[in-house]
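Encoded as structure tokens, the structure appears first; notes follow it.
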Amino acid sequence: NAGVTQTPKFQVLKTGQSMTLQCAQDMNHEYMSWYRQDPGMGLRLIHYSVGAGITDQGEVPNGYNVSRSTTEDFPLRLLSAAPSQTSVYFCASSYGLVQSFFYEQYFGPGTRLTVT
Amino acid sequence: KQEVTQIPAALSVPEGENLVLNCSFTDSAIYNLQWFRQDPGKGLTSLLLIQSSQREQTSGRLNASLDKSSGRSTLYIAASQPGDSATYLCAALYKETSGSRLTFGEGTQLTVNP
């Protein structure tokens with residue numbers, strides 16, 4: 001298993017540009033999520049999905065879109081990049097909630113995004 | 001508001017010492033609590049997961065405990081090694097009306113000196 005993979009590893013954007021951060025997992029996990037990590041603020045949930053075709057907002061969803069057309073992939077789209085979106089982005093996946101137990105979450109290696 | 005706090009923010013110990021990292025969380029309505037390790041510039045590696053109905057979990061030199069009533073979890077590292085140097089994060093998975101939310105502490109940066 002490759003686990004959770006993310007591309008690209010690094011990206012520099014200019015203000016106003018759009019791009020998609022890719023996330024894929026090969027563990028047949030239903031639950032996938034996106035976080036951003038900023039100094040002094042820890043990791044914060046952007047969007048999550050409990051299965052193909054189902055997405056929902058997390059704590060900091062503004063400026064980001066997601067879709068989940070397959071179980072394996074969960075791309076994060078930045079519509080019009082802003083300097084405030086400079087951060088490290090992590091994708092995570094899990095089997096999710098099964099009979100009142102929520103399985104552990106596995107994280108990808110991250111994408112370091114700089115918006116100038 | 002659901003919050004997770006980790007104390008201390010940084011810890012430096014000599015090699016071989018046993019140590020305890022602390023995590024506290026508000027609101028006991030959690031599915032589980034998970035401890036992660038993060039090396040500089042890297043992603044998060046899951047260390048231990050404690051379900052809300054469990055009291056502790058062990059993996060090698062690591063032992064994590066959970067006390068929901070007091071809102072506390074501890075990560076015990078036995079016989080620390082320089083390779084244990086990293087940032088340790090705890091995260092509580094809170095139950096919500098429409099799903100769940102994993103809330104992270106800001107981490108404890110551990111340095112183990114040879």
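Quick note on labels: first sequence line is chain A, next is B, and so on, each numbered from 1. All heavy atoms count here, side chains included; hydrogens, waters and symmetry mates do not. The structure displayed is predicted, hence computed values, not measured ones.
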Side chain / backbone / both / neither for [X] at chain A, heavy atoms under 4.5 Å:
| X | value |
| --- | --- |
| B:S52 | neither |
| B:Q54 | neither |
| B:L93 | side chain |
| B:L89 | side chain |

Of all of [options], which one pairs up most often with chain A through heavy atoms under 4.5 Å apart?
| options | value |
| --- | --- |
| B:G41, B:S53, B:G105 | B:G41 |
| B:K95, B:E106, B:R101, B:Q51 | B:Q51 |
| B:L49, B:L44, B:T45 | B:L44 |

Does CZ in B:R61 sit with more than 12 non-hydrogen atoms of other residues, nucleotides or ligands closer than 6.0 Å?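 Atom CZ in B:R61 is packed in, count exceeds 12.
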
Over 12 non-hydrogen atoms of neighbours within 6.0 angstrom of CD in A:E72: yes

Using a cut-off of under 4.5 Å on heavy-atom pairs, state which of A:G42, A:A92, A:P109 scores highest against chain B.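 Heavy-atom pair counts peak at A:P109.
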
Which one wins on heavy-atom pair count under 4.5 Å against chain B: A:Y103, A:Y35, A:Y106? A:Y35

Tell me every residue that passes side chain to side chain donor-acceptor pair (under 3.5 Å) with A:R77, counting only those two or more places apart in sequence or in another chain.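 A:R77 satisfies side chain to side chain donor-acceptor pair (under 3.5 Å) with A:S67 once adjacent residues are dropped.
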
Can you check whether B:F36 and A:F107 have ring centres sitting under 6.0 Å from each other? yes

Please report whether the ring centroid of B:Y94 lies less than 6.0 Å from that of B:Y31. no

Just say parallel, tilted or perpendicular for the rings of A:H29 and A:Y95, cut-offs at 30° and 60°. perpendicular

Name the region of A:Q6, side chain, backbone, both or neither, that has any atom closer than 4.5 Å to a heavy atom of chain B.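 Neither; nothing under 4.5 Å.
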
Reported CD1-to-CZ distance for the pair A:I46 and A:R44, which is rounded to 0.5 angstrom: 8.5 Å

